[in-house]
Q: 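This structure is in structure tokens; I'll ask about it shortly.
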Amino acid sequence: MTSRVALVTGGTRGIGHAIAVALRDQGCRVAAVYHGNDEAAQAFHAQTGIDVFRWDVGDCTACADGVARVTRALGPVDVLVNNAGIVRDAPLHKMTAEQWHAVIATNLDSMFAMCRPLIEGMRERRFGRIVNIGSINGQKGQYGQANYAAAKAGVVGFTKALALEGARYGITVNCVAPGYCETEMVTGVREDVLKAIIASIPVGRLGTPQDVARMVAFLVRDDADFITGATFSLNGGQYLV
Ligand code: NDP
């Protein structure tokens with residue numbers, strides 16, 4: 001396989017960390033983007049040797065600047081994994097506009113903000129692999145997550161539309177929708193809640209970041225060129241679409 005340049009947003013922690021490492025192990029030159037946790041990013045860099053870049057994926061100008069920086073450092077980006085995401089949970093009657101906008105910006109605006117500066121180059125080079133990380137809760141809804149479920153459902157529609165636009169240009173666009181995985185986003189919840197979550201997963205365990213990373217690594221291969229516009233559920237049987 002050609003050595004591709006891959007950009008993984010939220011690549012310094014959790015699922016993104018595992019994706020960045022899997023793509024590196026598959027021969028890609030990888031850039032991992034993070035937002036504010038310099039300590040985690042430096043630890044990730046020291047551990048993996050993968051280059052880290054700091055910007056806000058919800059900010060279009062920052063994304064255009066950031067993509068230019070990555071291109072100067074590693075070359076044109078062939079593979080984009082839109083993984084960065086946050087939660088700001090509250091039932092709608094208590095949700096603030098700030099909670100709503102933060103989640104929509106990071107989880108959905110980022111799709112446009114990151115793909116826009118990259119898509120023209122991918123079309124010109126007639127190659128691109130884009131994987132967007134959705135969520136089981138964008139597929140089935142979740143109490144307290146109207147913002148998150150809306151953003152993640154939006155990711156699925158975005159994926160399908162961009163897949164149609166990219167199909168004639170060697171660009172595939174897919175969505176991977178994980179169920180509950182062992183990351184800080186999940187292990188931080190109350191112990192009894194975590195137990196109830198695990199009890200509701202037929203395979204009897206949380207997912208791991210590596211479970212998701214293996215799927216992403218497969219989808220970005222050169223020879224995965226017939227797979228586009230799809231959403232892949234990885235949830236241990238918790239929700240069957
Ligand atoms: P983590 O909270 O473990 O890591 C989030 C990563 O995203 C960090 O690197 C963080 O940077 C980065 N990030 C957050 N906001 C921004 C931003 N505005 N700009 C740039 N980078 C940002 O998340 P997970 O690994 O748990 O989740 C990864 C993805 O998987 C998300 O899209 C999430 O919605 C999705 N998902 C997760 C599930 C789970 O069970 N964990 C289940 C289903 C979906 P920094 O370190 O600087 O904060």
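Counting starts at 1 for both ligands and their atoms, in listed order.
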Q: Treating N137 as the side-chain partner and A149 as the backbone partner, does any N or O pair qualify as donor plus acceptor under 3.5 Å?
A: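 No, because the side chain of N137 does not come within donor-acceptor range (under 3.5 Å) of the backbone of A149.
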
Q: Output the set of protein residues with a heavy-atom contact under 4.0 Å to ligand 1, ordered first by chain identifier and then by residue number.
A: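 G10, T12, R13, G14, I15, Y34, H35, G36, N37, W55, D56, V57, N83, A84, G85, I86, T106, I133, G134, S135, Y148, K152, P178, G179, Y180, C181, T183, M185, V186.
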
Q: Look only at the side chain of N107 and the backbone of I86, and say whether a donor-acceptor pair between them is shorter than 3.5 Å.
A: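 Checked: pair present.
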
Q: Is it the case that over 12 heavy atoms from other parts of the model lie below 6.0 angstrom from the CZ atom of R125?
A: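 Count over threshold, so yes.
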
Q: Show me the pairs that pass side-chain hydrogen bond (donor to acceptor under 3.5 Å, both in side chains) and involve residues 79-91, at least two apart or across chains.
A: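 Listed once each, the pairs are N82-N132, D89-Q145.
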
Q: Pair up each side-chain donor or acceptor in residues 13-21 with any protein partner under 3.5 Å, not counting sequence neighbours, and list the distances.
A:
unit_1, atom_1, unit_2, atom_2, d
R13, NH1, E184, OE1, 3.0

Q: Among residues two or more places apart or on two chains, list those pairs meeting salt bridge (Lys or Arg N to Asp or Glu O under 4.0 Å) that have a residue in residues 35-51.
A: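 Qualifying pairs, neighbours excluded: D38-R54.
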
